[in-house]
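Notes for the one structure printed next.
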Amino acid sequence: MKTAATSLSASARSEGRDLSATAPHHARIPILYVILGVLLVISIVPMYFYSAKVEAINGERLKTNEQLLQNTVTRSLADDLAQHQRSLRMILANLSSAIQIASGGDLSETNIHSPELRALLEHFASSDEEIAYATLLNSDAKGIYSGTIVPDAFLNRELERAYSAAREGREYNGQALVIGEEKSARTVFLVSYPVKYGDRFLGMIATVVDLQFLIRRLQEVARGGLTPYVVDSQGRLVAAATPGFATGQDMKNLDIVRTFVGRGNKARFAETREFTMGNGSDRVAMLGTFSPVMSLNWAVVVQKPSNDAYRDVIEMQGTARLLALVAVLISILVSIFAARRITNPLQVLTQSSRALARGDFSQRVKLLSRTEIGELANTFNTMSDELEHFIEDLKRAAEENRELFMGSIQMLAGAVDEKDPYTRGHSDRVTRYSLMIAEEMKQPSSFLETLRVSAQLHDVGKIGIEDHILKKPGALTEEEFEVMKTHTTKGANILRPVMQLAEMLPGIELHHEALDGRGYPYGLQGDQIPLLARVIAVADTFDALTTNRPYQQAHTPDQALQIIKNLAGKRLDPEAVAALLAVYARGDIKIQRFTIKRPIAQPAVEAPAVATAVAAAPPTSAATAPLERTPV
């Protein structure tokens, strides 16, 4: 059909007829519109995604900056408050020491009214305008005081709690209270420190601190558009920048406060989160941050409506979208202009280019044009030819190299196996079993490729073992066994000069190592043995147990698996053993029996089958004949 169509086309051209004129007429989309659409897509879509990405990135940065601002503000306030508390504690500690010295360790009712102690207390109370009240009480809860306020019932209860804490040797931080009414109202809190002489309780020094300094700092922050306040560990308000909040007010209706309260003593770092406040349709999205004040178990909180917090983000998004719209309009105008100057040759070239990008190097551009596009089409066809040949040559060479490599490996392994008819096919079977085990263990393909070569060559060192030892029809002597054990290092030394086989050497050299350290050649233990060698060891043991050898008759697969299960965790890797059991249970392993005509010689000392498979050291009796004593 293709030949006929070509002949018809050639005939039509020779007669000067246009095939498109004789073909059935179908409604066609002008190429101008097609190219225009392509150009618009090429120009607008990337621009859209780029602008969206830029918008998203800048938006996230602006959000992060706002969150960092809140974080910085709260941490600054929290640090100031903590520093203020530390300074006050230090002053109280120094005052306590001064009281001990001035009183001589005696704060009885007579001494506590001494002029020296009164002077100390009055000097402390007048040293800072934040000290609204100070009192010194002895062990009988009697003492002296100084200050600008008179304690009310609430403050007296705080003093009682502070005194109880002092008797227990503890410092005390009270809850925030409001003293006075209306314009004279002051927010204060109580701090106390025990006075002790050695381990003997003398009394308590307590001070009522005016929190006006904190309120002033909160008001400074509020001028920046944030709503700052301080809450205690119960979520009650300590201080705020505006009179809209009342000291002692429960603030746990706000999610940011509930989060702090829920953290308890675990709240150690500043935390920023988005939440909502209000009810029903009046709910407002908020952005808030709290920083804990560890020494007081308070938290400094700032919050701001999300619309205000992210105002810069919203404005940036609007500007970006406007610019994107302008860019789209410009792109449309440019696309219309370009589409009028581009015709079918570009479309043909584009289609061929896409085919080449998909890996179809057989595509060629059939284009007759004397313009630069025609020259480009010819160059494209030449490039496609060369690429097609080059890729085919590469694929063919790679496959030939791989087949040659694997063939060489198999021939080398076969040469070793052929030295003894009892081990014929041993390397192939060990390779097959090893790959099944590794696949069951979900090892990656790179590991499987390394394992394939390492298992195929695991006994290559036996090529250097004398035949009278390798083919001996009975148990080996102590000296012969020591020679046989060198096949692992011999194999590694034979292959070590080949750099490409470096990853395979552990499986060749260490597949006779045992988890309990009784293997050879190095006596490695546990995880010191690479996984490659542990997998090959299980496969090697299984094949040795299920094939006839000069020193033993083949075990049934079930017998062999039972022996291997007994060796798991002692000599053999438990995971590899479990994988072998799973593979055999599925029926993936089929044992083929091979008959060897010459009789199997009996070993000089008959050993039980299980002992033959499990022992690692040379036997000292018939009950400990190791698997390594005889060629495997």
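In this structure a side-chain-to-backbone donor-acceptor pair under 3.5 Å is present from Q528 to Q525. Between the side chain of R534 and the backbone N or O of I529, at least one donor-acceptor pair lies under 3.5 Å. Between the side chain of H555 and the backbone N or O of L545 there is at least one donor-acceptor pair closer than 3.5 Å. Formation of a donor-acceptor pair under 3.5 Å by the T450 side chain with backbone atoms of S446 is found in this model. A donor-acceptor contact shorter than 3.5 Å is absent between the side chain of Q70 and the backbone of Q67.
A270 and N71 get closest at one heavy-atom pair: CB-ND2, 3.3 Å. Counting all heavy atoms, side chain and backbone alike, S454 lies closest to M504 at OG-O, 2.8 Å. Of all non-hydrogen atoms in T477 and K472, the two that sit nearest each other are CG2-NZ, 3.8 Å. Contact record, A533 with L510: CB-O, 3.5 Å, taken as the closest heavy-atom pair.
Surrounding CD of E575 are at most 12 heavy atoms belonging to other residues, nucleotides or ligands under 6.0 Å away. Sparse packing is recorded around CG of D527, with 12 or fewer heavy atoms of other residues, nucleotides or ligands lying under 6.0 Å away. Surrounding CD of E503 are at most 12 heavy atoms belonging to other residues, nucleotides or ligands under 6.0 Å away.
At least one side-chain heavy atom of I465 sits less than 4.5 Å from a side-chain heavy atom of K490.
For the pair D516 and K570, the salt-bridge criterion is not met [side-chain N within less than 4.0 Å of a carboxylate O]. Using a cutoff of 4.0 Å between basic side-chain nitrogens and carboxylate oxygens, R586 and E440 are scored as salt-bridged.
Among V535, N566, L567, D540, the single residue meeting the side chain to side chain contact (heavy atoms under 4.5 Å, CB included) criterion with L572 is L567.
With no hydrogens or angles considered, a side-chain donor-acceptor pair links Y522 and E509 at under 3.5 Å. Donor-acceptor pairing under 3.5 Å is lacking for the side chains of H458 and H487. Under 3.5 Å, the side chains of T431 and Q456 contain a donor-acceptor pair of N or O atoms.
The aromatic rings of H512 and Y520 lie parallel to each other, their planes meeting at an angle below 30°, with 60° marking the opposite boundary.
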